[in-house]
Amino acid sequence: MSRDLPGLTLDELATELDSRQRAVEVLKWLGSLKELPAELPLLMPGVSHRVWSTFRQQHGVSRLRVSERSVSEDGTTKYAVDVGGATVETVRIPAKGRSTICISSQAGCTRRCVFCATKELGFIRQLKAEEMVAQYLLARAEAPASAPARNVVFMGMGEPMDNLDEVLRAVEVLTQGPFPQLRQQSVTVSTSGVLPGMVRFLEESKASLALSLNATTDEVRARVMPQNKTWPIGALLEALREAAAVDPDRDTFVEYVLFKDVNDTDDDADRLVALLAGLPARVNLIPYNPFPGTGLETPGPERVKAFHARVARQGQLCLIRWPRGREIAAACGQLVLAQDGGPGFLPAAVALS
Ligand code: SAH
């Protein structure tokens, strides 16, 4: 099976081109582009014509078409990206000195979290690694020089652990030199808590992990995340503890979407601290971005601040992720359906670092 260039690792490129130096030249060329071309060029500097023309016959480019681009006041830009028959979303979130690119790992999603707009789409298909890397490349091309694209979060559409081979490959490519050469800590894979995939990820990757916890009791979590019946809170946190013992340097985040009167009480704050005791994890509190039909509501800002203060006061690292790009429906859980007149769509306007 031939993969498009953005999905190939340096080692694979070196094998195909019969030289590591040639592979490095190709990656340098990729890094020099403003955007991906429609097809590979006829000539590649540093690679012999014979070798390159053979490569060119076997590999495409994975250039993705942006069917819609929405920019919010704070500069957050949401791209509706055509991946051949399906649309996924990529978001570029500028911050001081660097931008975070939020990418999708599936068209639609294999999971059914009640509060997430992507579930409305159902599952359409898995994305290939090259389609994930190409999302990064297209958003990177538009990042301002003052805020280059240094971070990637897998928080767009999809459950990364349900497409793990391709996600691991994309992480490897994104972090390899000479390009894109992102730091392992700067790439964060976010999971709804698919335990077997999460365990394998922790064993095989050094990238950062975010676990979407979203509740402090199994009863409440199962209500908003039905898969909790299969992989409950205790098992998920135990896996994080074991991984932290092996690799204490990994950055681990716990995502906690706040729903009014469901998981935002003082008792929840105290239970959250107790659950995470001894785990070197940072909590990101995300006020729920509402969409119709869920029966869930957003707590007021005072409640969000009180919850945060109660957690932080007990020594747990904790940040509030106020929504960004809300007016363009680019905040968490909202990335999808806006263009079809649907509920408005999905990813995580969550810059993690
Ligand atoms: N499937 C992965 C990645 C996609 S969701 C996961 O679940 O982690 C990315 C983040 O957005 C998760 O932390 C999720 O809990 C959060 N999220 C989903 N829908 C949301 C909504 N409507 N409001 C706020 N956050 C939401």
Side-chain angles (χ1 to χ4, degrees), residues 88-91 93 100-121 123 126-127 132 135 152-164 167 170 187-195 197-198 201 207-215 220-221 223-228 231 236 240 252-260 262-264 281-299 304 319-326 329-338 342-352:
V88 300
E89 298 215 354
T90 306
V91 185
I93 306 151
T100 296
I101 313 297
C102 174
I103 66 178
S104 298
S105 58
Q106 300 180 318
C109 189
T110 33
R111 299 289 149 189
R112 292 289 169 269
C113 303
V114 168
F115 51 85
C116 180
T118 304
K119 76 154 187 321
E120 304 291 304
L121 285 183
F123 173 63
Q126 306 286 16
L127 296 191
M132 301 177 211
Q135 289 174 64
V152 169
V153 295
F154 286 74
M155 289 193 182
M157 278 183 197
E159 170 47 51
M161 301 309 172
D162 287 337
N163 188 15
L164 189 51
V167 166
V187 176
T188 302
V189 176
S190 182
T191 180
S192 58
V194 175
L195 183 59
M198 190 177 90
F201 173 85
S208 303
L209 179 82
L211 170 65
S212 300
L213 189 64
N214 298 343
V220 171
R221 193 164 191 273
R223 236 169 85 198
V224 291
M225 304 179 81
Q227 68 196 54
N228 190 71
W231 302 298
L236 295 170
L240 292 190
T252 306
F253 303 91
V254 167
E255 310 292 297
Y256 194 91
V257 180
L258 285 163
F259 307 108
K260 185 179 177 194
V262 173
N263 68 354
D264 67 344
R282 192 178 86 195
V283 174
N284 286 316
L285 296 177
I286 312 171
Y288 171 54
N289 289 305
F291 76 96
T294 63
L296 294 163
E297 290 173 56
T298 311
V304 174
L319 292 178
I320 304 175
R321 293 306 183 177
W322 297 107
R324 303 195 48 190
R326 190 178 260 179
C332 304
Q334 300 204 305
L335 286 186
V336 184
L337 307 179
F345 238 93
L346 98 200
V350 191
L352 283 173

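No hydrogens, no waters, no symmetry mates; every other heavy atom, side chains included, goes into these values. Counting starts at 1 for both ligands and their atoms, following the listed order. Small disclaimer: the values here were computed from a predicted structure and weren't measured. For the single chain, residues carry numbers from 1 onward in sequence order.
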Any heavy atom of Thr191 under 4.0 Å from ligand 1? The part involved is backbone
Which atoms of ligand 1 sit under 4.0 Å from any heavy atom of Ile286? 24 (C), 25 (N)
Should you measure from each heavy atom of Glu159, which atoms of ligand 1 turn up under 4.0 Å away? 1 (N), 2 (C)
Worked check of side chain to side chain contact (heavy atoms under 4.5 Å, CB included) between Met198 and Leu240: CA-CA 9 Å; Met198 190 177 90; Leu240 292 190; 3.8 Å; yes
In terms of atom number and element, which parts of ligand 1 are under 4.0 angstrom from non-hydrogen atoms of Asn214? 15 (O)
Nearest-0.5 Å distance, OH of residue Tyr288 to CG of residue Leu296: 5.0 Å
To the closest 0.5 Å, what do you measure between CG (Asp162) and OG (Ser105)? 8.5 Å
Contact atoms of ligand 1, heavy-atom distance to Gly158 under 4.0 Å: 1 (N), 2 (C), 3 (C), 4 (C)
Can you list the atoms of ligand 1 that are under 4.0 Å from a heavy atom of Gly156? 4 (C)
Is ligand 1 under 4.0 Å from a heavy atom in the side chain of Asn289, in the backbone, in both, or in neither? both
Could you measure the distance from the OG atom of Ser104 to the CG atom of Asn163? Nearest 0.5 Å is fine. 11.5 Å
Report yes if some heavy atom in the side chain of Ile101 is under 4.5 Å from a heavy atom in the side chain of Gln135; otherwise report no. no
Answer yes if the side chains of Ser192 and Gln227 hold a donor-acceptor pair under 3.5 Å, and no otherwise. yes
Should you measure from each heavy atom of Glu255, which atoms of ligand 1 turn up under 4.0 Å away? 13 (O)
Below 3.5 angstrom, do we get any N/O pair linking Val257 and ligand 1? no
Minimal heavy-atom distance between Ala210 and Met155, with the atoms involved, is CB-CE, 4.1 Å
